[in-house]
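Heads up: numbering here begins at 1 and tracks the sequence. The figures that follow rest on heavy atoms only: side chains count, while hydrogens, waters and symmetry mates do not. Both counts, for ligands and for their atoms, begin at 1 and track the order of listing.
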Amino acid sequence: MSTTFQLDTSTSRANPTPAPMRRLTVPKIRARKQDGKTEEPLVMLTAYTARQAQLLDAHCDMLLVGDSLGQVIYGLPSTVPVTLEMMANHAAAVVRGSYHSVVVCDMPFGAYEASPQQAFESAAYLLKQSGAAAVKLEGGQAMAETVAFLSQRGIPVMGHVGLTPQAVNMLGGYGARGRSDAEAEKIVSDAKALDDAGAFAVVVEGVVEPIAIAVTEAIACPTIGIGASARCDGQVLVAEDMLGMFERVPRFVKKYGNIAETIEQTAAQYAEEVRNRSFPGEEQVYQPKA
Ligand code: KIV
């Protein structure tokens, strides 16, 4: 299940490759925060495909198969329509493409909220189908019982508080959270409840910075910030956002590349060469043996 594959596009084969690095484990990730301190911040990026995982893996501690794939890969309007099958298929591809990072798979909306039993069945399905090491779920206090239920049964859980995109229909949008005292207190107590329940890390998304710092100081397990603070114990971004795949990105994204421009320019050059018959050239065509 955890074999790494080298994609050989000339033969369309995925060849097993020896794993050059040992895969990190959930206990090692959890242990990066000791007595409230994380010497080296944890690095997490989303990944949805095998090739993307191959390119990101060596630079990350964790790869998140986020349900953001609903918008990024499938062009859906939100994460709400994403299914367990979609998550399992993409997580399996990411596991096949990686050998170093802990692969965390998002639990999609509707697959875990009804009861701890429903969550266990969904999480077990995801881990069995994909080989991922952990699941992530959204929600605070209301999910604490479920986090404890899964953790006590061998399923590591990453929590997710603050802006929780699966609740977009309740929240009414994707604006930053924690601007009122009541909301700020709720986010901190939600994170504490997940930590007490056994979450090995908690994503803190889209909150005003003092709340991210308060959560990081209040809980024993690492916080992974997105639109939060550099003082979190780690950071996560959607890989396509930071690679520059989209023109419009949330304020908290830093674009480290401009992959959209590279793709457009490359496609334009290909189209021109097809139209003026300079592609394929001599090097790309087969001739009969002399
Ligand atoms: O689905 C996702 O990509 C996420 C991250 C943005 C944290 O949950």
(message) Walk me through whether Y112 and E121 qualify under side-chain hydrogen bond (donor to acceptor under 3.5 Å, both in side chains).
(response) CA-CA 8 Å; Y112 63 94; E121 275 168 34; over 6 Å; no
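- Put simply, CG on D241 and CG on L243 are 9.0 Å apart, with the number rounded to the nearest 0.5 Å.
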Please tabulate protein-ligand N/O pairs under 3.5 Å for ligand 1, atom names and distances to 0.1 Å.
{"residue": "ligand 1", "atom": "1 (O)", "partner": "D67", "partner atom": "N", "Å": "3.2"}
{"residue": "ligand 1", "atom": "1 (O)", "partner": "D67", "partner atom": "OD1", "Å": "3.0"}
{"residue": "ligand 1", "atom": "1 (O)", "partner": "S68", "partner atom": "N", "Å": "3.0"}
{"residue": "ligand 1", "atom": "1 (O)", "partner": "S68", "partner atom": "OG", "Å": "3.2"}
{"residue": "ligand 1", "atom": "1 (O)", "partner": "D106", "partner atom": "OD2", "Å": "3.1"}
{"residue": "ligand 1", "atom": "3 (O)", "partner": "S68", "partner atom": "OG", "Å": "2.5"}
{"residue": "ligand 1", "atom": "8 (O)", "partner": "K136", "partner atom": "NZ", "Å": "2.9"}

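- Cation-pi geometry between R248 and F246 is not satisfied (NZ or CZ under 6.0 Å from the ring centre, within 45° of the ring normal).
- Annotation: side chain to side chain contact (heavy atoms under 4.5 Å, CB included) contacts of S151 (sequence neighbours excluded): V147, V157.
- Salt bridge R32/D61: present, at least one basic N to carboxylate O contact under 4.0 Å.
- We find that K186 and D190 are joined by a salt bridge, their nearest charged nitrogen and carboxylate oxygen being less than 4.0 Å apart.
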